[in-house]
Engineer: 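Attaching a single structure in structure tokens format; questions to follow.
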Amino acid sequence: MEDFFDLYRKDRWPTIFCPGCGVGTVMNCFYRAFSELDIDQDRVVFVSGVGCSSRIPGYIRADSIHTTHGRALAVATGLSLSNPDLKVIVFTGDGDLGAIGGNHFIHSSRRNADMTVFCINNNIYGMTGGQASTTTPHRAFSTTTPYGNMEFPFDLAELAVTAGANYVARWTVRNVKELIGSMRKALVKNGFSFVEVASPCPTGFGRRNKMGDPKQMYEWLKIKSVRKEKSEFWNMDPVDLNISGQITIGEFVDRNRPSLGSMLKSMMNNE
Amino acid sequence: MEDFFDLYRKDRWPTIFCPGCGVGTVMNCFYRAFSELDIDQDRVVFVSGVGCSSRIPGYIRADSIHTTHGRALAVATGLSLSNPDLKVIVFTGDGDLGAIGGNHFIHSSRRNADMTVFCINNNIYGMTGGQASTTTPHRAFSTTTPYGNMEFPFDLAELAVTAGANYVARWTVRNVKELIGSMRKALVKNGFSFVEVASPCPTGFGRRNKMGDPKQMYEWLKIKSVRKEKSEFWNMDPVDLNISGQITIGEFVDRNRPSLGSMLKSMMNNE
Amino acid sequence: MTISVRFAGMGGQGIIFSGIALARGVSLYEKRGGKDLYAIQTQSYGPEARGGSSKCDVKISESENFYPFVEIPDYLVLMSQPAYERFIDVTNKDTVVVLDEDAVESRPDIEYYDIAATKKAEEIGKRIVANVVMLGAFVEISGIVSKKSIQKALCDVAPKGTESLNKKAFELGTALGKDAINAD
Amino acid sequence: MTISVRFAGMGGQGIIFSGIALARGVSLYEKRGGKDLYAIQTQSYGPEARGGSSKCDVKISESENFYPFVEIPDYLVLMSQPAYERFIDVTNKDTVVVLDEDAVESRPDIEYYDIAATKKAEEIGKRIVANVVMLGAFVEISGIVSKKSIQKALCDVAPKGTESLNKKAFELGTALGKDAINAD
Amino acid sequence: MQVRVDSEYCKGCQLCIIVCPRHVIEEGKELSERGYAPPIVSHPEKCANWKRNDKRKAVCETCLLTCPDHALEWDERPGGQQGVDQE
Amino acid sequence: MQVRVDSEYCKGCQLCIIVCPRHVIEEGKELSERGYAPPIVSHPEKCANWKRNDKRKAVCETCLLTCPDHALEWDERPGGQQGVDQE
Amino acid sequence: MRLEAGTYFMQGNEACVEGAIAAGLRFFAGYPITPSTEIAERLAERLPEEGGIFIQMEDEIASISAVIGSSWVGAKAMTATSGPGFSLMQENIGYAAMTETPLVIVNVMRGGPSTGLPTMPSQGDVMQAKYGSHGDYEIIALAPATVQDMFDLTIKAFNFSEIYRVPAIILSDAEVGHMRGKFTVPKKSEVLERRMRTDKVWHDGFAYDESLVPRFPVFGRGFRVHVTGISHDIAGYPRTDPEVHEELVRRLSEKIIGNRDKISLTDIYNEDSDRFIVTYGSPTLAAMEVIGNDPSIGLLQLKTLWPMPEESIRHVAKNVKEILVVEMNMGQVFKEVQRIACLEGCENVRLLSKVGGEVHTPQEIVHSLRRC
Amino acid sequence: MRLEAGTYFMQGNEACVEGAIAAGLRFFAGYPITPSTEIAERLAERLPEEGGIFIQMEDEIASISAVIGSSWVGAKAMTATSGPGFSLMQENIGYAAMTETPLVIVNVMRGGPSTGLPTMPSQGDVMQAKYGSHGDYEIIALAPATVQDMFDLTIKAFNFSEIYRVPAIILSDAEVGHMRGKFTVPKKSEVLERRMRTDKVWHDGFAYDESLVPRFPVFGRGFRVHVTGISHDIAGYPRTDPEVHEELVRRLSEKIIGNRDKISLTDIYNEDSDRFIVTYGSPTLAAMEVIGNDPSIGLLQLKTLWPMPEESIRHVAKNVKEILVVEMNMGQVFKEVQRIACLEGCENVRLLSKVGGEVHTPQEIVHSLRRC
Ligand SMILES: Cc1ncc(C[n+]2csc(CCOP(=O)(O)OP(=O)(O)O)c2C)c(N)n1
Ligand SMILES: Cc1ncc(C[n+]2csc(CCOP(=O)(O)OP(=O)(O)O)c2C)c(N)n1
Ligand code: SF4
Ligand code: SF4
Ligand code: SF4
Ligand code: SF4
Ligand code: SF4
Ligand code: SF4
Ligand SMILES: [Mg+2]
Ligand SMILES: [Mg+2]
């Protein structure tokens, strides 16, 4: 793919995303990762739920389905099982995947369903105007946590690992090169691959946490992120790390358990 | 509590459970654990979803609510938040908690919601007659896996740990003493405590896997279970362990993160 | 015209199996006056069907669409005392009762036949086929359907490898049935 | 009798804020002939409200229940060129347009008033209060509601610490409004 | 003290038999009213609690804790006296 | 080769400015049609790609990869020639 | 603090929040969704001030579940959502009806089906409110048309819900929810409380008297009641007898239908007209403008939608030549009005339908009235 | 292998499976629930034999989601459930209607509301089938009364679903699902296929012709279509204009309602009677016995429930003194029949209601007929 608009729908540009929204950066990185691989654009399906992040497939010039809030992975499961020749790629957000869609997330990981999932974790519900999500840091402000978030966040990547995914990585939008690398790896992986991207939502999250300017959000992402290798060296418990508001970045798992599709195939061949 | 039928409803005895069903054993152990603690029976609420395991609250002589399938933990969350003085105890099954209720499970763990959850994991949907569940071992038979289960099971205990629960243990019904000990610990723990019990369903699971006799199921539980200490010694990955059909038993976590209720309380006190 | 049959006993006795064999035999293999017959089998589900008692009804008709539920059975085949107690009052004076001599203690005050089904089944070493013995006896006593049809159906539904055992049990049952009629 | 007012401009210009202040002022503080007045404020939601253009309507009535949506506004307050383009045709010959001189390039062929709101706001160092300047000008030009009511409402809705700034901007606006009328 | 089988509740699963480390309980043959075959306490004297007479002080108890139907209970009379009808 | 700002797409977030390790880009003042202030490529010569003339061989590119609105693209003419109108 | 008596200027959704607090709300669990989100957002701030609990759950199913749990420890509890979330709640709405759990659900309707028009109004969920869950059951549904209604009817919804132990649903819409206007908080609003059980007899937690509504055996006070969504007897125990089921299901229905007149809130304007508009919610305001200009036209405003105010409809139908039902859907209340009016002898019932996005204008109503 | 022509003896649920396979089912996703489970269980065995996919999902929401995904890659896809699961599916039923996704849902109805009577029949979900999701939309619902119907109507459901690109629902019940009986597989069943898109013009994936049903741009063949539950234009792009929304929603409705006659499957017996029974599903068998004994009574059996076969009802209503609607609920189809019949001049429509657990007996119907 030579041109960005070979992949994206120029007729729908510019996007609805706010200035400085990380969703756009993820789209860039995805373009790079995808275009470097030899994937037939007519044999890919993009799936999403509902949210700002979930709007990406609507901008991609390929078969794409914007499902109901939280259901992307379940739809993708049916889709990839019914036509295993298609590459199925999901774009989702922390709310879509981690809140309402949490069950499909862990079950798709467990089944090692054949799909690549990119989750834009902006620590907030962007689309609906800035309510706390399941990854909003402890004590952070949002329209539904006016006194600070009293709950503790999920570590989505660790959940995917525990549930059984084949490939799991997390980066921030500041790590564009590493992100592209992980995206590429995820795209060629069999089974369930998952890349989480810590991403700014200046409008929904930043504004209420003294980071209304995208630049401040970038600064924050830089300060908060810790390389996985480091956290391992210091032997930090992932749950604690996450609670303290750190974002561990790196690759979390890279394994080759058989995928759901391959298991069903072997069953039908009486293996 | 002197007598078993101080806790259970004698007028509903005998139970509807099949001969050799592990649910009854769990009820025994719970009686021991509960009666040894000084809990006012009028200040406890029992909550469950739907399933054989979820029928337990209906046999307990205390306020109890048998909710819809999978929703016990969400109901329990509202209940315990609205009256923090009550002890909230949930009985659930691998289907109720791990399949349809999976999202509430990880979210209640994350929030460290104030409740004690006992999950009777019999590797099957007992109530509906023996369909595969989310913990049915790989390759095992059930009415919906006539060619053997091609999926891989969850490790529910590990999920609770990763999501953030305060106390997590797993035993089989063969480990009655340890089970009682963990139940007791779980009952006095603040926040989210979780005890999983590997349990026989001779009717739904055993019959289709050459273990129709409860005794065979007991033998199987014995062979399959591995003490956590041992698996750690051999450095076995929990995901792999579970996939290979092993049941790690022991205590998985015992920590004291602040509970949801306590956090909301501190918020209201402007702490 | 419809004929209704109720089988009742304990879970695990193969009550449902008997009903299915009967309904299947009628549906697929039985003709009356060159025309097809129809049969519907229904049963009770739910927790009570898991342990305890078990019930299975069959209704037979010449017309294709008919009310398939049994209210008062024309024939009541009983294989346990609790089943007897539960169903004996859901009869009328024309109901014919066929009972397993050893499994049922009480006796009704309407027409009934004692069949030593369990004993017979034990004799051939398989207590488990007492239901098939009873089925045979019922077929003989009622005379509403040909033995051949039911035997064919039995063969269809019997687990692989048990066909001849079932055939034998059925024949023993028809013999017992004949004896019972003659004893009358 | 109802009066309808439409404010339109770009996201971030405080269009909604102006509408709320007006409707609130009318609702809570304004009387007509000793009787309460009623006002409803409505606005556009959705992705388009996020960036790009922004619209806010206020309808004022003497009766409690009335159709609260603005079809053709009696007054149209415009603060950006795209807003002008989008809404200028949704007017009739009686519509009075009030526009921010610097932010809107075009001029309509119906009655309109140029207000140097952005410039004025920049003069007091807070471009962000241009909307309040416009509100002041509108209040003066339309004369449909007392300045006092709107100022009270402004005080209610202004973020803490910005009350006097808003008050000042409003007064500058009314002055500009007066000039505009007189310039006519 | 010895375990007693309540044949009204017993569903004949025989778990008590296999979990008892001392082989106190044995398969029963007789069917109960509900059609199950409750086991028989054939070697009460082998039970860890045989010498005790206060259920609050019982040890082992694996059978009681395992029995899914609350069909086992303690006869608290001390070892050997359980056969004696006290009335 | 130098980055060029497409002011139709740019939303003025200024992320390109802060991610560029070589301070190539600077804040803009002028508002675009859509009301945003696109940045200015004030020091193109400092860019890691200044000497290159084939975008397929570009290094760094952090600004392009970061820009959320696809408002940055390469002008592939080699360093210094970008100002020259080729027609 | 509950709002003091006086006049306020707020958004409809905010007025709803204040109504709920005035009614004694103690617990809110919700999941954000446009155009209802302001309800959650304001409650996140307001409830902790009142010592109540606000929690954002992982989805709408969890939200209504938590509300059910909260209600059983005695709290007045509520959730708020819009179409997609309301659809997800259906299973547990049926559960709440079956277990006689008082709770309030606000559905701020937006354009459907599916994700539809998230920011724009419709009235597409009226039939769903009654029939969205499986099986036969009754709920109560109220339809506010103004900011004042959002306050008043929210209190009514709580009252009905508590008294009849039934889910009460507020069917608002994006316009009523989002519009800002004036409303008055009276000196004293009638606030009704659940009839609590006082004796402690076990085994009949669901025993009822002639009201057909069992007194509430709140958890934590020693009633030791068992609650289940399975058909149950008055002890609360699961039962599979068709008779027990029939008695239960018919009672659950009768306790509402039998009080239809008490629950039916309607306003009739220009009663003697022989042409009538029937409306509820947003389009009512347009209709009011129409009848304000033309007193020969009557208006029946339904504030209660379920149980359907049959008596008022019959009353209107008896005397008129024509009824025009104006609603923002393809004709949901219309069918009920048509049925009821026809049985009363009025066959001329017409529908002025808009499917959502924009509310009818007064002109559109006038135009439709002229057409006949 | 699809069953060969001939006569079979099976359970209703099993006949449904065979019907689905005969219709070309390629994908099933489901979650166990009594009394529908046998459908999943038999398909778990049968589908892999056919090279199709069977998957048990984590819940009913996931199940219908997977079915939607599967349908978009061109598979004939189905799920099966009962009340509680059907309630959970509602959000995505609306989504499927909105995105014109062909799929079949079997709802084997049991006693409701809530967990109710899990093993016993009812017909409590009829209105839910039409109105269970938010917003205005149409689905197709068929009601089998016999084992044969379970086979035949399953094929019909697939055909309708594919042709009209709409969710088709089989409203069976615990009795029809569980009864075992004979059914005949004909030499050839009419099996219809989705009209696939053949050209590859992008930008109008949802363009339609006079049939109002867009040709299907199956995923994976280069159509590059965008599918969304948001209101969308013919390109499939999200749009927030009320006009686009209105056009879409009215078309989705009209493509079904406009074909009401083709979709309405009914049987009329004793057509000249002036007293008529109206039934569907299980109670039909009792009614047949009644009219078999008394040819003076007519019977209208509705095999299609949605869209309601208004023409047949009108036809019957025109000539009769009395209509008795017999159904296992509190009167759901009854209200529709009452409305339609009344407009046709027949006011005497009565309801014989049982709320579930047991099917009506012929005696009960006879008795009710006598009462008037
Ligand atoms: C069932 C349902 N509930 C709620 C919503 C409203 N809703 C739309 S997007 C969204 C949150 C999206 O959050 P996230 O996935 O993090 O996406 P973001 O906008 O932050 O990228 C919500 C709650 C909905 N559309 N459907
Ligand atoms: C929404 C919904 N879906 C499905 C069911 C049917 N159902 C009842 S119990 C059950 C499975 C229970 O499994 P588990 O929790 O493991 O309990 P067990 O019976 O094995 O103890 C299912 C699927 C239901 N009641 N509700
Ligand atoms: S609201 Fe947040 S996530 Fe959504 S477009 Fe704006 S910045 Fe991005
Ligand atoms: S089906 Fe299984 S879990 Fe249920 S009662 Fe029987 S043995 Fe126990
Ligand atoms: S207490 Fe222990 S030793 Fe005694 S019978 Fe029971 S299991 Fe056996
Ligand atoms: S464990 Fe209990 S139920 Fe089982 S055989 Fe022993 S006494 Fe009977
Ligand atoms: S390519 Fe690198 S050096 Fe050049 S402008 Fe972009 S970020 Fe700066
Ligand atoms: S990053 Fe892109 S959108 Fe942002 S200021 Fe730079 S060029 Fe403009
Ligand atoms: Mg987000
Ligand atoms: Mg289980």
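First the proteins, then the strands, lettered A, B, ... as listed; each starts at 1. None of these values were measured; they are calculated from a predicted model.
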Engineer: For the candidates H:I340, H:L343, H:V126, which exhibits the highest count of non-hydrogen atom pairs separated by less than 4.5 Å from chain G?
Structural biologist: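 Most heavy-atom pairs within the cutoff with chain G belong to H:L343.
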
Engineer: Quick one: what part of H:S353 sits under 4.5 Å from any heavy atom of chain G, side chain, backbone, both or neither?
Structural biologist: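 For H:S353, heavy atoms of backbone and side chain both lie under 4.5 Å from chain G.
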
Engineer: Only pairs of heavy atoms separated by less than 4.5 Å count here; which of H:G124, H:G229, H:P242 has the most with chain G?
Structural biologist: H:G229

Engineer: For G:Q123, is it the side chain, the backbone, both or neither that has a heavy atom under 4.5 Å from a heavy atom of chain H?
Structural biologist: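 For G:Q123, there is no contact with chain H at all, as no heavy atom is under 4.5 Å.
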
Engineer: H:Y95 versus chain G, heavy atoms under 4.5 Å apart: side chain, backbone, both or neither?
Structural biologist: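 Backbone plus side chain of H:Y95, per the 4.5 Å heavy-atom cut-off to chain G.
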
Engineer: Would you mind checking which part of G:R110 comes under 4.5 Å of any heavy atom in chain H, side chain (CB onward), backbone (N, CA, C, O), both or neither?
Structural biologist: neither

Engineer: Got a second to check how far G:E358's CD is from H:D241's CG, nearest 0.5 Å?
Structural biologist: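 Spacing of CD (G:E358) from CG (H:D241) equals 9.5 Å.
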
Engineer: Using a cut-off of under 4.5 Å on heavy-atom pairs, state which of H:E246, H:M98, H:R239, H:K335 scores highest against chain G.
Structural biologist: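 Answer, by heavy-atom pair count under 4.5 Å with chain G: H:K335.
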
Engineer: So which atom in G:G112 and which in H:V249 form the shortest heavy-atom distance, rounded to 0.1 Å?
Structural biologist: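 Of all heavy-atom pairs spanning G:G112 and H:V249, the closest is O-CG2, 3.8 Å.
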
Engineer: Can you tell me how far apart CD (G:Q128) and NE2 (H:H134) are? Round to the nearest 0.5 Å.
Structural biologist: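 Here the rounded value is 7.0 Å.
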
Engineer: Which pair of non-hydrogen atoms, one from G:Q332 and one from H:G135, has the smallest distance, and what is that distance?
Structural biologist: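 So the two residues come closest at NE2-O, 4.3 Å.
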
Engineer: Only one of H:S87, H:P113, H:S114 passes side chain to side chain contact (heavy atoms under 4.5 Å, CB included) with G:E91; say which it is.
Structural biologist: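 Of all the options given, the one that passes is H:S87.
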
Engineer: For H:T240 versus G:M120, what's the shortest heavy-atom pair and its separation?
Structural biologist: O-CE, 3.2 Å

Engineer: Counting heavy-atom pairs closer than 4.5 Å to chain G, which one of H:Q90, H:Q338, H:E347 comes out on top?
Structural biologist: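 Max contact count across the listed options: H:Q338.
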
Engineer: Rounded to the nearest 0.5 Å, what separates atom CG in G:L88 from atom CG in H:L88?
Structural biologist: 8.0 Å

Engineer: What residue in G:G85, G:G116, G:P238 has the most heavy-atom pairs under 4.5 Å with chain H?
Structural biologist: G:G116

Engineer: Applying the side chain to side chain contact (heavy atoms under 4.5 Å, CB included) criterion to H:D136, which one of G:M328, G:M127, G:M330 satisfies it?
Structural biologist: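 The passing option is G:M330.
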
Engineer: With chain G as the partner, which of H:G83, H:S82, H:P84 has the greatest number of non-hydrogen pairs under 4.5 Å?
Structural biologist: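 Option with the top pair count is H:P84.
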
Engineer: Heavy-atom pairs under 4.5 Å with chain H are the metric here; pick the option from G:L252, G:V355, G:D125 that has the most.
Structural biologist: G:V355

Engineer: Measure G:I61 against the heavy atoms of chain H and call it side chain, backbone, both or neither at under 4.5 Å.
Structural biologist: side chain

Engineer: What part of G:T228 gets closer than 4.5 Å to chain H, counting heavy atoms only: side chain, backbone, both or neither?
Structural biologist: neither

Engineer: Can you tell me which portion of G:S122 sits under 4.5 Å from chain H's heavy atoms? Options are side chain, backbone, both or neither.
Structural biologist: neither

Engineer: Could you look at G:K130 and say if it's the side chain, the backbone, both or neither that has a heavy atom under 4.5 Å from chain H?
Structural biologist: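 Neither part, no heavy atoms under 4.5 Å.
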
Engineer: Let's test your reading of the structure: which of H:G94, H:G132, H:G357 forms the most heavy-atom pairs below 4.5 Å with chain G?
Structural biologist: H:G132

